[in-house]
K.L.:
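Please see the structure below; I have some questions.
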Amino acid sequence: MQQEHIDAGKAIQKQTGKTFYLATRFLPKRVRHATHVLYAFFRIADEIVDDAEGVPPGRQRAELQSLRAQALGEADPEEPVLEAFVELKSRYGIADEEVAEFLDAMATDITTSRYETYDDLESYMRGSAAAVGVMMTAIMEPEMEETALPHAIKLGEAFQLTNFLRDVREDVVDRDRIYLPQETLHTHGASSEQIERLEFSEEFAAAMADELDRAECLYREGVAGIRYLPADCQLPVLLAAVLYAEHHALIREQGYDVLSTEPSLSTTRKLICVAKTRWHWHWNRDPEAVFQRVSAVPTADGEADSRGSGHGGGVPTR
């Protein structure tokens, strides 16, 4: 990959994915450069369907089809990021099926705005999140790739669920999408109509709490596989998990009301998370132990841990 192509990907990631970009900075150069390109490719595809106000569905599908042809080497790439992605895909042996799975998920966003069950949502995430985890694992080149992959998929899904829970307001206002499963809403007496009206209620809070619990189970499964990654990649992936999961603390601090205000990590809070994670990693290279110690995710048995939050006002720790 040429430096200009890497720089193009880096610029996109730095602008649109600040939390992940912070963790990416700790990756070794051999993986960091490839990550910039991967992330930029994901964003290019995502923006075809997310920044599509006034764009007819047929045109969105045509743009995704063109992107697919370029990504799979069936057409000449039209921009530096795509040229770099094709080189990266070949170098690391990323399967065409993973690229197609991701782009199929993006196409789903054109016509699907509600998910009846979590199984339906999970099927969508197989492309939007799990395929991303597979590709990220490929560029890290772990020796025990088959062992690492199931955990990478779970971690990718955890990140995606956190995004959904953080972005409920933005998704419904800007795109008329609700990623909270309808069955979860109905179980607690909440409804899509309430979300569309940005009408917070205790019923909505209970549904959010359930989905946070689900995401946190995925974090535990995902973090358990970090030990199978190359040693120089473990801390950066752990940092990404800690940073994304910190949104859960914000959501709980807001009483689960993500309809009035979207949770957003301040730069200071991010840097505190990074400092704590690095300090504990210095003394203990066990990813699960460090994650349990510094992250906002409760332990599996729900017992509180004694760590201080370091955040203004304090964050409940478990």
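When reading the values below, keep in mind they use all heavy atoms of this one structure, side chains included, and skip hydrogens, waters and symmetry mates. Since we're looking at a predicted model, the values are computed, not measured.
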K.L.:
Using side-chain hydrogen bond (donor to acceptor under 3.5 Å, both in side chains), reason through Ser128 and Gln160 one step at a time and then give a plain yes or no.
P.N.:
CA-CA 8 Å; Ser128 68; Gln160 180 81 92; 2.7 Å; yes
K.L.:
Should Leu180 and Val172 be regarded as members of a common hydrophobic cluster, given that ILVMFWY residues are connected when their side-chain heavy atoms come within less than 4.5 Å of each other, either directly or indirectly?
P.N.:
yes
K.L.:
Does Gln182 form a side chain to side chain contact (heavy atoms under 4.5 Å, CB included) with Ser192? I'd like the steps, not just the answer.
P.N.:
CA-CA 7 Å; Gln182 297 296 299; Ser192 293; 2.8 Å; yes
K.L.:
Kindly indicate whether the side chain of Leu212, heavy atoms from C-beta on, has any atom under 4.5 Å from the side chain of Arg252.
P.N.:
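Yes, side chains in contact.
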K.L.:
Could you tell me which residues satisfy side-chain hydrogen bond (donor to acceptor under 3.5 Å, both in side chains) with Glu199, sequence neighbours excluded, listed by chain and number?
P.N.:
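Listed in chain order: Arg197.
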K.L.:
Check the pair Lys89 / Asp96 against side chain to side chain contact (heavy atoms under 4.5 Å, CB included), numbers first and verdict last.
P.N.:
CA-CA 9 Å; Lys89 177 177 168 295; Asp96 288 353; 2.4 Å; yes
K.L.:
In terms of hydrophobic clustering (I, L, V, M, F, W, Y; side-chain heavy atoms under 4.5 Å; direct or indirect links), are Leu161 and Leu265 co-clustered?
P.N.:
no
K.L.:
Going by side-chain hydrogen bond (donor to acceptor under 3.5 Å, both in side chains), name the residues that satisfy it together with Asp213, two or more places apart in sequence or in a different chain.
P.N.:
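Testing Asp213 for side-chain hydrogen bond (donor to acceptor under 3.5 Å, both in side chains), a comparison that skips the adjacent residues, returns none.
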K.L.:
How would you list, by chain and number, every residue that makes a ring pair (Phe, Tyr, Trp, His ring centres under 6.0 Å) with Phe164, sequence neighbours excluded?
P.N.:
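Phe164 satisfies ring pair (Phe, Tyr, Trp, His ring centres under 6.0 Å) with Tyr179 only.
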K.L.:
Does the side chain of Phe41 come within less than 4.5 Å of Leu88's, by heavy atoms?
P.N.:
no
K.L.:
Hey, does Thr111 have a side-chain heavy atom less than 4.5 Å from the side chain of Arg61?
P.N.:
yes
K.L.:
For Ala289, which residues count as a side-chain contact (heavy atoms from CB on, under 4.5 Å) partner, sequence neighbours excluded?
P.N.:
Asn284, Asp286
K.L.:
Rounded to the nearest 0.5 Å, how far apart are CZ of Arg293 and NZ of Lys276?
P.N.:
8.5 Å
K.L.:
Let me check something: do Leu149 and Met144 share a hydrophobic cluster, defined by ILVMFWY side-chain heavy atoms less than 4.5 Å apart, either directly or through other members?
P.N.:
no
K.L.:
Which residues pass the side-chain hydrogen bond (donor to acceptor under 3.5 Å, both in side chains) test with Gln194, not counting sequence neighbours?
P.N.:
none
K.L.:
So, taking the atom named CG in Asp167 and the one named OG1 in Thr162, what distance separates them when rounded to the nearest 0.5 Å?
P.N.:
10.0 Å
K.L.:
Atom CZ in Arg25, atom CZ in Arg32: separation rounded to 0.5 Å?
P.N.:
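Arg25 CZ to Arg32 CZ: 9.5 Å, rounded to 0.5 Å.
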K.L.:
With sequence neighbours excluded, give me every ring pair (Phe, Tyr, Trp, His ring centres under 6.0 Å) pair touching residues 229-260.
P.N.:
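Found Phe159-Tyr244, Tyr219-His248.
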K.L.:
For a 4.5 angstrom cut-off between non-hydrogen side-chain atoms, does Leu198 reach Val173?
P.N.:
yes
K.L.:
Nearest 0.5 Å, what's the CE-CG distance between Met208 and Leu165?
P.N.:
4.5 Å
K.L.:
Find the distance between NE2 (His36) and CG (Leu38) and round it off to the nearest 0.5 Å.
P.N.:
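Going from the NE2 atom of His36 to the CG atom of Leu38 covers 11.0 Å.
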K.L.:
So, does Arg220 use its side chain to make a donor-acceptor pair with the main chain of Pro298 at under 3.5 Å?
P.N.:
yes
K.L.:
Sort and list the pairs that fulfil salt bridge (charged side-chain N to carboxylate O under 4.0 Å, His left out) and have at least one residue in residues 117-134, not counting sequence neighbours.
P.N.:
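Sorted pair list: Glu98-Arg126.
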K.L.:
Look at the side-chain heavy atoms of Ile, Leu, Val, Met, Phe, Trp and Tyr, link any pair under 4.5 Å apart, and say whether Leu27 and Phe42 land in one connected group.
P.N.:
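Yes; tracing contacts between hydrophobic side chains, which count when under 4.5 Å, links both residues.
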K.L.:
Mind checking whether Phe85 and Val99 have side chains closer than 4.5 Å, heavy atoms only?
P.N.:
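In short, these two side chains touch, coming nearer than 4.5 Å.
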K.L.:
For residues 65-77, run the donor-acceptor check on the side chains, cut-off 3.5 Å, and write out each pair with its distance to 0.1 Å, sequence neighbours left out.
P.N.:
| residue | atom | partner | partner atom | Å |
| --- | --- | --- | --- | --- |
| Ser66 | OG | Gln70 | NE2 | 3.1 |
| Arg68 | NH2 | Asp104 | OD1 | 2.6 |
| Gln70 | OE1 | Glu78 | N | 2.8 |
| Gln70 | NE2 | Ser66 | O | 3.3 |

K.L.:
Considering all heavy atoms of both residues, which atom of Ala249 and which atom of Ala296 are nearest to each other, and what is their separation?
P.N.:
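Closest heavy-atom pair between Ala249 and Ala296: CB-CB, 3.7 Å.
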K.L.:
Given Tyr124, which of Tyr118, Tyr115, Phe102 fulfils the ring-ring contact (aromatic ring centres under 6.0 Å, His included) condition?
P.N.:
Tyr115
K.L.:
Should the pair Asp50-Arg177 be classified as a salt bridge under the 4.0 Å nitrogen-to-oxygen rule?
P.N.:
yes
K.L.:
Return yes when atom CZ of Arg278 has more than 12 non-hydrogen atoms of other residues, nucleotides or ligands closer than 6.0 Å, and no otherwise.
P.N.:
no
K.L.:
Salt bridge check: are Asp176 and Arg114 linked by an N-O gap of less than 4.0 Å?
P.N.:
yes
K.L.:
Taking all atoms of both residues into account, what is the closest heavy-atom pair of Tyr92 and Ala138, and its distance?
P.N.:
CD2-O, 3.6 Å
K.L.:
What pairs with Asp257 under salt bridge (Lys or Arg N to Asp or Glu O under 4.0 Å), at least two apart in sequence or on another chain?
P.N.:
none
K.L.:
Measure the NE2-CG distance between His188 and Asp210 for me, rounded to the nearest 0.5 Å.
P.N.:
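It comes to 3.5 Å.
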K.L.:
Please list all pairs passing the side chain to side chain donor-acceptor pair (under 3.5 Å) test where one or both residues lie in residues 131-158, with sequence neighbours left out.
P.N.:
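Passing the test, one end in residues 131-158: no pairs.
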K.L.:
Hydrophobic clustering (ILVMFWY, side-chain heavy atoms < 4.5 Å, transitive) - are Ile153 and Val223 grouped together?
P.N.:
no
K.L.:
Decide yes or no on side chain to side chain contact (heavy atoms under 4.5 Å, CB included) for Val37 and Ile139, but give the supporting numbers first.
P.N.:
CA-CA 11 Å; Val37 171; Ile139 66 173; over 6 Å; no
K.L.:
Counting neighbours of CD on Glu196 that are heavy atoms of other residues, nucleotides or ligands and sit closer than 6.0 Å, is the number greater than 12?
P.N.:
yes
K.L.:
Return yes if some donor-acceptor pair links the side-chain N/O of Arg166 with the main-chain N/O of Pro263 below 3.5 Å, else return no.
P.N.:
no
K.L.:
Under 3.5 Å, which donor-acceptor pairs link side chains of residues 228-238 to any protein atom two or more places apart or in another chain?
P.N.:
| residue | atom | partner | partner atom | Å |
| --- | --- | --- | --- | --- |
| Asp232 | OD1 | Arg30 | NH2 | 2.7 |
| Asp232 | OD2 | Arg30 | NH2 | 3.0 |
| Gln234 | NE2 | Arg227 | O | 3.4 |
| Gln234 | NE2 | Leu229 | O | 3.0 |

K.L.:
Just by distance, no angles: are the side chains of Glu211 and Thr184 close enough, under 3.5 Å, to form a donor-acceptor pair?
P.N.:
yes
K.L.:
With sequence neighbours excluded, give me every ring pair (Phe, Tyr, Trp, His ring centres under 6.0 Å) pair touching residues 59-78.
P.N.:
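Applying ring pair (Phe, Tyr, Trp, His ring centres under 6.0 Å) to every pair that reaches into residues 59-78, excluding sequence neighbours, yields nothing.
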K.L.:
Are side-chain heavy atoms of Val290 and Trp283 found at a separation under 4.5 Å?
P.N.:
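Heavy-atom side-chain distance check fails, nothing below 4.5 Å.
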K.L.:
As a quick check of understanding, evaluate side chain to side chain contact (heavy atoms under 4.5 Å, CB included) for Thr24 and Tyr39, giving each step before the final call.
P.N.:
CA-CA 10 Å; Thr24 299; Tyr39 183 90; over 6 Å; no
K.L.:
Could you tell me whether the side chain of Val134 reaches within less than 4.5 Å of the side chain of Glu101, counting heavy atoms only?
P.N.:
no
